[in-house]
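Scope of the values below: all heavy atoms of this structure, side chains included, with no hydrogens, waters or symmetry mates. Keep in mind it's a predicted model, so treat the numbers as computed, not measured. So you know, we letter chains A, B, ... as the sequences are listed, proteins then strands, and number each from 1.
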Amino acid sequence: MKKGYVQVTDSYERIVHWMVALSCLLLCVTGLGMMFQTFNFIGAFFGGLKNLKLVHNFTGLFFAISLGLVIRMWWKEAGVFVFPEDLEWIKAAGGYLWHVDKVPETGKYNPGQKAFFLVVAGGGILMILTGLVMWFPMSLPVGLVQWMYPLHALGFVAIFAFFFIHLYLGTIGNPGSVDAMITGWMDKKVLTMLHPKWVKEMEHEGKLVAWGKEKKNNAHGHSA
Amino acid sequence: MNISRRGFLKMSGAMGGGVALSSLGFNLGPTRAYADELNKMNRIRMARQSTTICCYCSCGCGLVCSTDKGTGKIINIEGDADHPINEGALCAKGAGFFQMTEANEHRLRKVLYRGPGGDKWEEKDWEWALPRMARLIKDTRDKNFIKENAKGELVNRCEAIGHYGSSNVDNEECWLITTVARALGVVYMDHQARVCHSPSVGALAESFGRGSMTNHYIDMQNADVILIMGSNMAENHPMGFRWVTKAQERGAKVIHVDPRYTRTSARCDFHVPLRSGTDIAFLGGMINYIIENQKYFKEYVLNYTHASFIVDESFYFKDGLFSGYDADKRKYNKDTWVYEYDASGIPRRDMTLQHPRSVFQLMREHYSRYTLDKVSGITGVSKDNLLKVYEIYSATGVPDKAGTECYALGWTQHTVGVENIRAMTLVQMLLGNVGIAGGGINAMRGEPNVQGSTDHAILYHILPGYLKTPSASLDTLEKYLTKYTPVSKDPKSANYYSNYPKFMVSLLKAWFDKAATRENDFGYTWLPKMDDGKHYSTMHMFDRMYEGKIKGFFCIGADNAVSTPNASKVRKGLEKLDWLIGENIFDNETYQFWRAPGVDTKNIKTEVFLLPASASMEKEGSISNSGRWVQWKEKACDGPDQCIPVGEIEIKIMQAVKDLYAKEGGVHPEPILNLYWNYLDKDGHFSATKTAQRINGVFLEDTVIEDKAKGTKTEFKKGQLVPGFGNLQADGKTACGNWCISGSYTADGINKMKSRGKEDPTGLGLFPNWSYAWPVGRRILYNRCSVDLNGKPYNPQRNLLEWKDGKWIGDVPDGPWPPMAEKEGKYPFIMQRDGLGAIFGQGMADGPFPEHYEPLEGPLTKNPMSGQLINPAIEIFKSDRDKIERASKKFPYVITTYSCTEHWCSGALTRWQSWLLEAQPEQYIEMSDVLAKEKSIKNGERVKVSSVRGSVTAVAMVTQRLKPFTIEGKTVHQVGMPFNYGWLFPKDTKDDTTNFLTPTVGCANTFCPEYKAFMVNIEKA
Amino acid sequence: MNKPELVKLIDTTLCTACRGCQVACKQWNEMPGLRTKQTGTYQNPPDLQWNTWTLIRFQEHVDKATGKFQWIFRKDGCMHCTDAACVKVCPSGALYHTEMKTVGIHREKCIGCKECVAACPFHVPRYDAKTDKVYKCDLCYNPISQSHPPACVKSCITKALTIGPKDEMIKKAYARVKKLGGDANVYGDKFVDGTHVIYILQFKPEVYDELPVNPTVPASVTIWKDLFKPLSLLAGGGVMGGAFLHYMIHGPKVPHEGTGVEEKKGEE
């Protein structure tokens, strides 16, 4: 954080993000340990495969709570597509796949990010529900229970794939982005490149906080 | 890889150290053992293997116990793959044998005592209990001893002490038990055989000369037709059914006739339901069919039975009664039931079988009344089914076909028990099925050693070896021997019982040794005597007990409170005892009668001793299966804690009594003081070997035996064992506890009961070198009937015996004499006075020909066959609890009671075993769906079952396997209940014994109770 | 040492339902007997349980065609499938195929996830909450691997249960079915690539309680294990690879110096 940086997230956003992110990561790792017998060795880090299962199950509960907070926090901004702007951006692939002279201006979250949110929200809910049934498989008819497993696997396929995209684009793919989730401050130049419309909105509403010029009692970027 | 069933015995390998015992199926904690994880095979390999015989039904299956060398505890029990009968297989009870070891927490481990008025057990020990018991025994005996009866005859008995049990202990122990009882002067002595197969002994001895199963289990594989009637074989003699299955494999037809469709019926060719209590009608119809359609094997009937004998003119049968009936006494005078004799004293015969007074024609006339219509009306069996069975079964009346009948308590537990069986003996004799491979009458006994306990006579009416208990009028040994030694003038009759004196004297010498001399009639007068014509069976004993006349009671390996009929009468009787001595491996309702529901515990003054016994695999000894195989069991381990074998308990109790009499004197001390009582080993423990040798017989002096016929002289030294009953002497030179078993040792002391030879030279499954079959190793009795008069087998394909080059080859011939055609030849039924199969039963209490009578309590008011509704010779008990209600709307359903595979008898052993209890957890009553619908009873609902004597609850099992019968034009419902449950255990039991319902009445000849046919009502609970 | 593929044959037409096998299994495997209730049937326990790995099912049946009554007995338990759904789903490899091709169970590896309980087309595995593990018949792996018969087979009174090399047993089964005639059929050799427990049935399979007529590995299991599982790796790996390539080729998105507008960096 230094001169030229602006505040983009507050602590609540970041905490909740990491709650979901880390629990999701743990779920993926522990889940992998049980999904593939080759990865059973992961159990060794947890004191046995049985413990792995326990960690996975209880982390799932934690994930459920965190996801609830995430959805509550972001569904309006990150869960709703705004047309026709988002469509334009999609058509241009956000400028990520091929050169685009002028990338359509994005607000706080671009359609790519929105898609990711939806996958995590929807997929996450799917994982939680199927996971709960898998935890207590005797509570429902077996014909129904049998389908929980492939659905859980499907959710994983989607989340896993999107996770890597999110990881790439949130780190080395867009240098300067990861700060948003660590310190909460970003280089204004990078922010302006990525989310010009949001910057304009914040400046217009007087909500943009620049480094060194923090106002008191500010609420940023989200309706908490 | 060869999947082999064998090899456990070969697995005792390296001398390993003790292996830690794992959880044994009882511990419900988180660390459960798992066979694979523990590599159980290895644990077994490192253990010590020993063989034993199953302690349930009488199939005599072999088991292997693996005992951990370190802990000395059994870690595994499974089937003995080398055993010819079961070949490693086991039914549910045998498979669960492990739960009878000390691993079962419910095993009795300490001497328990209940004082007068007490409401719980106190733990004591042997040192405390033995003197106390001896004191009670002596005092009761001295106080109540009867030297002379009302007639002034010397009887030397004590009627105030009763005894019951056990068919579930080893032969050697049985013999000791009977010895103790006789020495004490007890006459009310009985055991499970009474309520089980006593009629078999009565019937088979009457027809053939010996009271036991004629063939054996493996032999059933040789049959062409198997009739299972009076038995639910697949459930109660499962291993016997293994051989039925083998026969089926070879194309045999198997028929099941039974009131219920059971697990047996499911595997038979077809099932014929019949009303329980009507078997004689059914069989009478079959006899009629065989005769009228000439299906009988004429040559056999002529030569091997006495069908040709002419019966005296004075004998007759009229309207249900035979000649000589005394209605007041309910007894027959049998003076007219005799034959006509020729000048030389041999019965006259008509070999054309046409003489109207011949046994054959009398039989024909008698059974001509059993027409298909009549039989169908009585039994409820359709005429089609009757003919079906008759046709198929009578097809075995030819030389190359064998038909066998397998029965058990379905026939014995009736007021006509003996006659049920007798009827079948007539069928078998007509068809020539006795004495052949795949034929015979397979009396499947119900307990592991009931054959042995019967042989050793823990019964009031016989002495070991089926000798007769002396009656009061026979005051000298000579009179006694004269009465019971049969005489035949016919040189062709071997009349083997003419050797009776040798058997009796040897028995007395075994008991009293040096003290028995010719001068004192070998101690004959010391024995207790029955009053002439009086009976002292189980039902009589409990009748007396109910009257308060019996003060002390031994209950060994039994549970009368559950298994004896009319349970309320039995339990009330127990309350009147001064003392009860119990010996068992688990507690049961009899030992805890003072705590039963509804009982006034405080006011019951009975002192009860419950002595912990070693279980079957915790002691060595022999037991005899139903096929007369006497098999030796090895000891796998010690009994837990204070447990000792019943044999040792008996020895110690008797020794304590002896000591008291020696010290104080007392009433009639002779049989006690003079009793030879040297059966402990050098460490002071029970020696089964010493006892077995005494039973086998020993030469008390140097003896020379001359065989004039063979011209040989054999010398035996004092102390040598008798190698066979042919060597017994009537002059006191031999001591023999039981002549039947004599020969189980060789003269050199080799124990043949331990033999494990797998050879089967005839291929018929005889296994002549496996264990010891009495008599003298003979596997199929009366086997000289399997050959013609010249000794050639009737069926060369099943060559059981053959006379070749002047000697017999095959099975041990039933009598070494040459075939009948030769000069020295003898008739084949050597134990019969007349040497022939007896169709006309002179010795029967209720008639020489089986006749259908209705059960004591049945659905009809009139017997369709005659004016005699019930068996005219049965004893009617008259206490206030002996109510009867027949043909009544209040109790309209015919009920039969039985056991199931998973439980055994009273359940006193099996209810404590969780594996078995899980499979059959509670009492149930089976009823047809038709009846259930009528009464709006749902499957699984608890109902109340009542008879005029009492009521119990049970779970209703509504099934299609029972169907209503049409009896004499009316619908009669048949229901059935097992009797395996009682109030004591499991603790959450809601029901009590089925025997609250049963009547105190039994077979006219042998007093086997009529558990199988009486009347009840059923209501929603 | 080469161990042959074994098949256990259950000839229901010889079974007398003596429960010798049911008890022998408990005896050998040291499983307890638990308290049950009489509900109007001989069948007890009422179903397979964690402590009851084989169960005799009793069924009263009237043949529609002949009107003949038959009390049917069927010994239920693990079928030891070749294409075993339980082995497929087991996350820890607790369920596995032995050298004799039976389905064994390494209980120490079981994590109690109960996936096999839902997957089995014969509804065999049973879960116990106290130990948090799943239980089923393992065809007595310990004895059979040392050429001894399984406890149930050894115990069987009428030889309704036999065991031997696969081809021999299937041949025996068909010969027996031919001898029996009528609706008698062999059950098991045609499903799930063949089971290692084969029945000789007196009636058509649909007659029997709790016996699936056409058992297969559930479609859900196939989709999950044969489709989604490899797909997840493909997807994840694909994306990772794609991201790597993207970075190499397209490069990161960085703002143009001073303008705040993206500038192309690196190669196209």
Side-chain angles (χ1 to χ4, degrees), chain A residues 28 32-37 40 43 48-54 94-100 102-103 134-138 142-143 145-154 156-158 160-165 167-169 172-177 187-194 196 199, chain C residues 85 89-94 96 108-115 117-120 123 127 129 132-133 218-225 227-244 246-247 249-264 268:
Chain A
C28 284
L32 269 173
M34 292 190 285
M35 188 161 171
F36 293 89
Q37 283 185 25
N40 278 163
L49 210 57
K50 217 165 181 195
N51 287 349
L52 196 70
K53 183 187 88 171
L54 285 171
Y96 283 100
L97 296 180
W98 57 84
H99 175 69
V100 174
K102 194 165 188 313
V103 180
M134 285 161 70
W135 197 350
F136 303 103
M138 324 291 216
V142 93
V145 169
Q146 281 175 347
W147 288 102
M148 297 297 119
Y149 299 97
L151 285 175
H152 202 79
L154 186 64
F156 175 69
V157 171
F160 199 52
F162 271 81
F163 166 74
F164 279 110
I165 301 173
L167 184 66
Y168 171 63
L169 293 176
I172 60 175
N174 290 304
S177 300
D187 189 336
K188 190 172 177 196
K189 282 206 224 59
V190 176
L191 186 66
T192 313
M193 170 186 76
L194 294 174
V199 174
Chain C
V89 303
C90 180
S92 62
Y96 69 103
E108 73 280 8
K109 288 190 182 170
C110 176
I111 62 171
C113 73
K114 312 182 234 3
E115 293 181 15
V117 176
C120 175
H123 307 297
Y127 174 74
D132 193 29
K133 288 195 188 290
S220 58
V221 170
T222 316
I223 290 174
W224 169 26
K225 292 289 177 177
L227 184 61
F228 290 162
K229 247 177 98 166
L231 196 64
S232 68
L233 289 180
L234 219 68
V239 168
M240 274 196 272
F244 171 75
H246 184 271
Y247 193 76
I249 299 169
H250 202 269
K253 203 189 260 258
V254 286
H256 185 73
E257 198 56 40
T259 62
V261 166
E262 195 218 332
E263 201 179 76
K264 196 172 84 175
E268 213 42 81

Region of [X] that comes under 4.5 Å of a non-hydrogen atom in chain C:
X: A/F136; value: neither
X: A/N40; value: side chain
X: A/M148; value: neither
X: A/Y149; value: both

Look at [options] and state which one has the largest set of heavy-atom pairs under 4.5 Å with chain C.
options: A/L49, A/L169, A/V142; answer: A/L49
options: A/M134, A/K188, A/M34; answer: A/M34
options: A/N174, A/I172, A/D187; answer: A/I172
options: A/I165, A/V145, A/L154; answer: A/L154
options: A/G33, A/G43, A/A161, A/G143; answer: A/A161

Who wins among [options] for the most heavy-atom pairs under 4.5 Å with chain A?
options: C/A119, C/A219, C/G236; answer: C/G236
options: C/T222, C/V117, C/D132; answer: C/D132
options: C/A235, C/S92, C/P218; answer: C/S92

Quiz item: If you take all heavy atoms of C/A94 and C/C90, which pair is closest and at what distance?
Solution: N-SG, 3.2 Å

Practice problem: Report yes or no: is the cationic atom of C/K133 (NZ for Lys, CZ for Arg) under 6.0 Å from the centre of the six-membered ring of C/Y127, at an angle within 45° of the ring normal? | Solution: no

Short question: side chain of [X], backbone of [Y] - any donor-acceptor pair under 3.5 Å?
X: C/S220; Y: A/Q146; value: yes
X: A/Y168; Y: C/Y247; value: yes
X: A/K53; Y: C/I111; value: yes
X: C/H246; Y: A/L97; value: no

Quiz item: What part of C/L234 is in contact with chain A, defined as an atom under 4.5 angstrom from a non-hydrogen atom: side chain, backbone, both or neither?
Solution: neither

Quiz item: What do the steps show when you test C/W224 against C/E115 for side-chain contact (heavy atoms from CB on, under 4.5 Å), and what is the final call?
Solution: CA-CA 12 Å; C/W224 169 26; C/E115 293 181 15; 3.0 Å; yes

Practice problem: Please step through side-chain contact (heavy atoms from CB on, under 4.5 Å) for the pair A/F156 and A/C28, ending with a clear verdict. | Solution: CA-CA 8 Å; A/F156 175 69; A/C28 284; 4.0 Å; yes

Self-check item: Enclosure of A/F36 CZ (heavy-atom neighbours >12, cutoff 6.0 Å)
Solution: yes

